Number of protein chains: 2
Amino acid sequence: MQTPTIRDVAARAGVSVATVSRVLSEHPSTSAASRQKVLSAAADLGFRPNAQARSLRRTRTNTIGVLVSDVRNPFFAEIAHTVEQTALSHEMATLLCNADESTEQQDHCLDLLVSQRVDGMIVTPQGDGSGSLREVLSLGLPVVFVDRTIDGVEVPSVTSDNRTGIVEAVQHLAGLGHRRIGYVAGPQVTSTGRERLAAYREAVADAGLDTDPGLVFEGDFRSASGVAGARALLALPDPPTAVLAADSLMTFGVLLECRDRGLRIGADLSVIGYDDIESFGLVSPPLTVIAHDPSRMGALAVDMIRDLLAGEPVTSAVLTSSLVLRGSTGPAGGTR
Amino acid sequence: MQTPTIRDVAARAGVSVATVSRVLSEHPSTSAASRQKVLSAAADLGFRPNAQARSLRRTRTNTIGVLVSDVRNPFFAEIAHTVEQTALSHEMATLLCNADESTEQQDHCLDLLVSQRVDGMIVTPQGDGSGSLREVLSLGLPVVFVDRTIDGVEVPSVTSDNRTGIVEAVQHLAGLGHRRIGYVAGPQVTSTGRERLAAYREAVADAGLDTDPGLVFEGDFRSASGVAGARALLALPDPPTAVLAADSLMTFGVLLECRDRGLRIGADLSVIGYDDIESFGLVSPPLTVIAHDPSRMGALAVDMIRDLLAGEPVTSAVLTSSLVLRGSTGPAGGTR
DNA sequence: CTGAAAGCGCTTACAG
DNA sequence: CTGAAAGCGCTTACAG
């Protein structure tokens, strides 16, 4: 037998489908008697409401689309997890898509989410706001950007302050006597990549440190580019005494390269990472990092989507980032 | 204006909705002329098919539910990522849920997935197969278990051989002269936890090593229990000279504790981890691990769901696990 | 409080 | 090849 429908429940309870619907969706206008009959009939039959049918009728799916660059990145995994849990607590489902740092795949995902008629989307955007993203926005679908934004695209967002942490990191290193600080930058097609690099440049200049452009290596937010960045920087005629990376995966790559070269972190090379990822705890000494809060970002993004759906005004949020001092930095030229 | 429907397209193209539907779903019986008119009308209007309506009518959603214990666990993130990408390549969406290692939450997620009428589910199950899981199965919904299984529940699954890797690891350590091998076990309410522990016990006995039950600490697949396990084992009057952990997060915990105690891995304590997680590369020397293939598991699981949907027979798959020798083990009592 | 009826946006036999 | 019509499983004004 097929999954029972509301009709089957109505028949068994001896009431109309309208009454069944009202009882099941907790509409106030129902008598205790029918409530009773319906509930027990539904239980007997093992009735499972069909969300598809309900959505079609209500023109609302109770589903939110989540588009991240890659769940395998711990930072985004944390966001995805929190979004899912928060949504679940409001009886909403989440449709997860990975853009894999590809604009083409991002478009594909957006199309899918639109077809699924998600009520809103939480996205870590990339690219210039053309393609499917533009279409989605013109549809008036509630969208919240998380972590990243797109210039010229007016969408509520929850991001981190990409400046303070970097500035604190540079000042801290300057205080330790470092004059040449290597920087593994994020891709300049992302807002986070751009803002963090700008902050680095500004802080380096303000502190009167070496502004040699060779100290900046542009990576792509993947670990391999962290490795490549570390190699390039350490191969300079006058290599940096400290290295800063613009996200967790690239930090990871830098650390891998240090391990391969047998460099003692904090002594041979000072390293400051980005994102307070649990696995950085494996490094010895513990890594000094620029921390922000992906979990809070995810939770806030869901709140914002819910506000948008409720027609309430929302304002973008910028969370703080800050330097968490641990043991991976030391005086310049320590034991070299 | 609302999102255009098939009616709007029909009106603009000057054909019936039936024809529009046929063209859009690539039904063979359509003339080139109407195809042309429909396609351009759809494009003009920016028509987006409503997956909800289609699903209701077709009684098929083209969506597959994915229930993992926790996406923040790199092992499951990898599975989730592959499942999503593979599904996407077949134009299917994935609904992701995290059970957070809680049977209650697992039930909640299953209910949600049923209501969403996913075509099938890929789940990393836990518990005894009662509750919502039993209901779901009695519904006849295609389900594939991944990584874990449940005793007495007949569901096609793709798992790893939980025995070989462990046996190889124990033999390897025995060959290095270790007599007392500590084991941080997974929760015994999971099939993987049970099978791996059984393999450890068998291998230890076969190699004639110390079978002291105190050498086994039962963790819960979270990093904190790896820390606790390492502490408990190292606090024994006669502590083990090598430690093996039953999953990535607990391995992680063991490594954290080693770092905190300043133990030199491979010299002061031999360590073998489970899962070939990228972040284990941060450890020095590189970690010897028992590796299996989450990505392949995810891809296979999708194939199996598709076969089930197509009414084809499927057989469970057991992938291999094996020891990957790197540098984290050394002779027993090395430099103690 | 309750029921009959219309309709959400599609698909698909059934005729032609 | 094409159209009219029924129907997927719900919800919700509209009467009563």
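Predicted model, so just to flag it, every value in this text is computed and none were measured. Every chain is numbered from 1, with letters handed out A, B, ... down the list of sequences.
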message: Can you measure B:I6 atom CD1 to D:dA4 atom P for me and round it to whole angstrom units?
response: 14 Å
message: Just to be sure I understand the rule, does A:S21 reach a base, reach only the sugar-phosphate, or reach nothing, if contact means heavy atoms closer than 4.0 Å?
response: base
query: Could A:E312 and A:R306 be called an ion pair, given the rule that one side-chain N must be under 4.0 Å from one carboxylate O?
result: no
field: Pairing nucleotide - C:dA15, Watson-Crick or G-U, each distance under 3.5 Å
entry: D:dT2
- prompt: Taking CG from A:N50 and C1' from C:dC8, how many angstroms apart are they, rounded to a whole number?
  reply: 13 Å
query: Quick one: is C:dT2 close enough that its OP1 or OP2 comes under 4.0 Å of any side-chain N or O from A:S34?
result: yes
field: Phosphate-side-chain proximity, A:T19 and C:dG3, N/O vs OP1/OP2 below 4.0 Å
entry: yes
statement: Heavy-atom closest pair (A:F221 atom, A:T190 atom, distance to 0.1 Å) is CE1-OG1, 3.5 Å
query: Looking at C:dT2, D:dT12, C:dC10, which one has an atom nearest to any side-chain atom of A:R58?
result: D:dT12
side-chain N/O A:T30 vs C:dT2 OP1/OP2, d < 4.0 Å: no
message: In whole Å, measure the gap between the P atoms of D:dC1 and D:dA5 for me.
response: 23 Å
- prompt: Does A:T5 place a side-chain N or O at less than 4.0 Å from the phosphate oxygens OP1/OP2 of D:dG9?
  reply: no
- request: For B:K37 and D:dG3, give me the distance from atom NZ to atom C1', rounded to whole Å.
  value: 13 Å
field: Integer-rounded Å distance: D:dC10 P and B:R54 CZ
entry: 21 Å
task: Return the nearest nucleotide to the side chain of A:S29; candidates are C:dT12, C:dG9, C:dT2.
output: C:dT2
Exercise: do B:T30 and B:R22 side chains pair donor with acceptor under 3.5 Å: no
- prompt: Which whole number of Å gives the distance between the P atom of C:dG9 and that of C:dA13?
  reply: 23 Å
- prompt: Do B:R222 and B:D70 meet the salt-bridge criterion of a basic N to acidic O distance under 4.0 Å?
  reply: no
task: Could you tell me the separation between the CZ atom of B:R7 and the P atom of D:dG3, rounded to a whole number of Å?
output: 14 Å
- prompt: Between the side-chain atoms of A:R57 and the base atoms of C:dG9, is any donor-acceptor pair under 3.5 Å?
  reply: no
query: Between A:N62 and A:H90, do the side chains contain an N or O donor and an N or O acceptor separated by less than 3.5 Å?
result: no
Separation of C:dC10 C1' from B:R48 CZ (nearest whole Å): 17 Å
query: Nearest nucleotide by nearest heavy atom, which residue falls closer to the 5' end of DNA chain D, B:A32 or B:T59?
result: B:A32
message: Nearest whole Å is fine: how far is C:dC14 C1' from B:R22 CZ?
response: 10 Å
message: The side chain of B:S31 is closest to which nucleotide in this list: C:dT2, D:dT11, D:dC1?
response: D:dC1
query: What integer distance in Å separates B:Q52:CD from D:dG7:P?
result: 23 Å
query: Would you call A:R148 and A:E101 a salt bridge, taking side-chain N to carboxylate O under 4.0 Å as the test?
result: yes
query: Taking the same atom, P, in C:dT11 and in C:dA15, what whole-Å distance lies between them?
result: 22 Å
